Peer 1: 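Once you've had a glance at the structure underneath, I'll fire off some questions.
All values reported here derive from a predicted model rather than from experimental measurement. Counting convention: from 1, in listed order, for ligands and their atoms alike. Positions are given from 1, in the same order as the sequence printed here.
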Amino acid sequence: MIVHSLADLARARGALPGTVGFVPTMGALHDGHRELIRRAREAADHVVVSVFVNPLQFGEQADLERYPRTLEADAAICAAEGVAVVFAPSVEDVYPRPLEVSVSTGRMGRVVEGAARPGHFDGMATVVAKLFGMVRPDSAFFGQKDAQQLAVIRRLAEDLNLGVEIVAVPTVREPDGLALSSRNRFLAEAERRTALALSRALFAGRDAVPDGVAAVLAAAQPVLDEASKADPPLRQDYLVLADPATFDPVEPGHRGPAVLAVAARVGATRLIDNLPLEF
Ligand code: PAF
């Protein structure tokens, strides 16, 4: 069932007995989303998927306008995956008036990806908090692909006691390593070839884990440097080895979990990827 208004969502949600697993999305669903939905189906009695391109988390108007909108195809995927309710509200449904109160994600929302996209995590966390209030799920499913988003949402749920269990789902990759993303559809063939450097750099970094933090960065960086000379070139935003809970950079000699995260532009498309590592 597809619903648009908050009133219809409330009715549909009220008719769902048992537990609800929630998969918030911005649409343009791909196999990575299917995996989130499948995990939610295993864990809960019913699954609700939201499809909403949230203007609050976009810096550039052009990026917001360019974001793919494919509701009909998304609804078909949800039906095939046994989703109980697809919630596809309009901007006016979600933001009927300018917000007076919103979520601040603090320092962890301003570092790494947050430094490259000021305001992004505040806008993302604000809509996720609103969607949690609208859908009232027991659990919510997020891809490891957006590792910093996942970390911010975990803190959102804990710090504000939202009563929603946050479940991380591993990144789904193409056979050649490219992480699935709604933005991949913008890549021309040659751009896609260059974009493979992101995952290749991460895998090179992973192979150097036994040699420590500096070795991981030293192994990953040359892969990106090489791709910056390709045609079309990769333009690196960052390559960091961060604490997966705070996104602060890890110190040399670090022991325990870390996330190797990369962001780069290829042509007009900005891509991110990461690998969780254990030192
Ligand atoms: O990951 C996304 O698609 C979005 O950031 C989310 C979580 C649906 C919030 O708009």
Side-chain angles (χ1 to χ4, degrees), residues 6 9 20-37 39-40 47-60 63-71 73-75 77-78 83 85-91 93-95 99 102-105 108-109 112-114 116-135 137 139-157 160 162 164-172 179-186 247 259 261 263 269-274:
L6 270 60
L9 172 68
V20 167
F22 179 38
V23 181
T25 81
M26 297 206 297
L29 302 186
H30 50 64
D31 283 354
H33 295 109
R34 279 188 194 263
E35 189 58 25
L36 298 178
I37 294 169
R39 290 288 302 275
V47 177
V48 175
V49 171
S50 64
V51 175
F52 178 63
V53 182
N54 173 36
L56 226 57
Q57 69 189 76
F58 285 81
E60 295 162 25
D63 197 25
L64 171 63
E65 280 164 15
R66 187 172 179 250
Y67 203 86
R69 287 159 172 87
T70 59
L71 184 56
D74 296 342
I77 288 175
C78 289
V83 169
V85 179
V86 177
F87 175 44
S90 67
V91 172
D93 287 318
V94 177
Y95 301 111
L99 292 178
S102 61
V103 175
S104 162
T105 55
M108 71 185 297
V112 190
E113 184 67 8
R117 302 177 69 187
H120 167 71
F121 285 116
D122 287 357
M124 182 282 297
T126 297
V127 85
V128 168
K130 282 169 74 68
L131 290 167
F132 281 2
M134 294 169 189
V135 174
S139 51
F141 296 75
F142 295 90
Q144 170 66 37
K145 156 93 170 26
D146 295 297
Q148 193 171 356
Q149 167 170 289
L150 177 64
V152 167
I153 290 168
R154 283 195 192 288
R155 283 301 294 261
L156 171 77
L160 302 186
L162 297 182
V164 178
E165 184 199 352
I166 305 302
V167 183
V169 177
T171 303
V172 179
L180 296 195
S181 161
S182 303
R183 292 170 196 262
N184 290 355
R185 67 187 68 200
F186 296 134
F247 266 75
V259 60
T269 306
R270 187 169 182 279
L271 299 165
I272 61 170
D273 197 357
N274 72 84

Peer 1: Is it the side chain, the backbone, both or neither of Met26 that has a heavy atom closer than 4.0 Å to ligand 1?
Peer 2: both
Peer 1: Stepwise, does the salt bridge (charged side-chain N to carboxylate O under 4.0 Å, His left out) test hold for Arg183 with Asp63?
Peer 2: CA-CA 11 Å; Arg183 292 170 196 262; Asp63 197 25; 3.2 Å; yes
Peer 1: Tell me whether the rings of Phe52 and Tyr95 are parallel (<30°), tilted (30 to 60°) or perpendicular (>60°).
Peer 2: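 If you compare the ring of Phe52 with that of Tyr95, the planes turn out tilted.
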Peer 1: If we count only N and O atoms by modelled type, under 3.5 Å, do the side chains of Asp122 and Ser104 hold a donor and an acceptor together?
Peer 2: no
Peer 1: Does Lys145 pair with Glu35 as a salt bridge, N-O distance under 4.0 Å?
Peer 2: no
Peer 1: How far apart are the C-alpha atoms of Arg270 and Glu113, what are their side-chain angles, what is the distance that settles it, and do they pass the salt bridge (charged side-chain N to carboxylate O under 4.0 Å, His left out) test?
Peer 2: CA-CA 11 Å; Arg270 187 169 182 279; Glu113 184 67 8; 2.6 Å; yes
Peer 1: Of the side chain and backbone of Thr25, name the one, both, or neither that has a heavy atom under 4.0 Å from an atom of ligand 1.
Peer 2: backbone
Peer 1: Please answer whether the main-chain N or O of Val172 pairs with a side-chain N or O of Asp31 as donor and acceptor at a distance below 3.5 Å.
Peer 2: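 Not confirmed, Asp31 side chain does not pair with Val172 backbone.
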Peer 1: In the protein, what heavy atom is nearest to atom 1 (O) of ligand 1, and what distance, to one decimal place, separates them?
Peer 2: Gln149 NE2, 2.8 Å
Peer 1: Would you mind running through ligand 1 and noting each atom that sits below 4.0 Å from a heavy atom of Met124?
Peer 2: 5 (O)
Peer 1: Considering only heavy atoms of Val127, which atoms of ligand 1 have at least one such atom less than 4.0 Å away?
Peer 2: 9 (C), 10 (O)
Peer 1: Give the residue and atom name of whichever protein heavy atom lies nearest to atom 9 (C) of ligand 1, and the separation in Å to one decimal.
Peer 2: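 The answer is Gln57 OE1, 3.3 Å.
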Peer 1: Identify, by atom number and element, the atoms of ligand 1 in contact range of Pro24, meaning under 4.0 Å from any of its heavy atoms.
Peer 2: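 Contacts of ligand 1 toward Pro24, numbered from 1: 8 (C).
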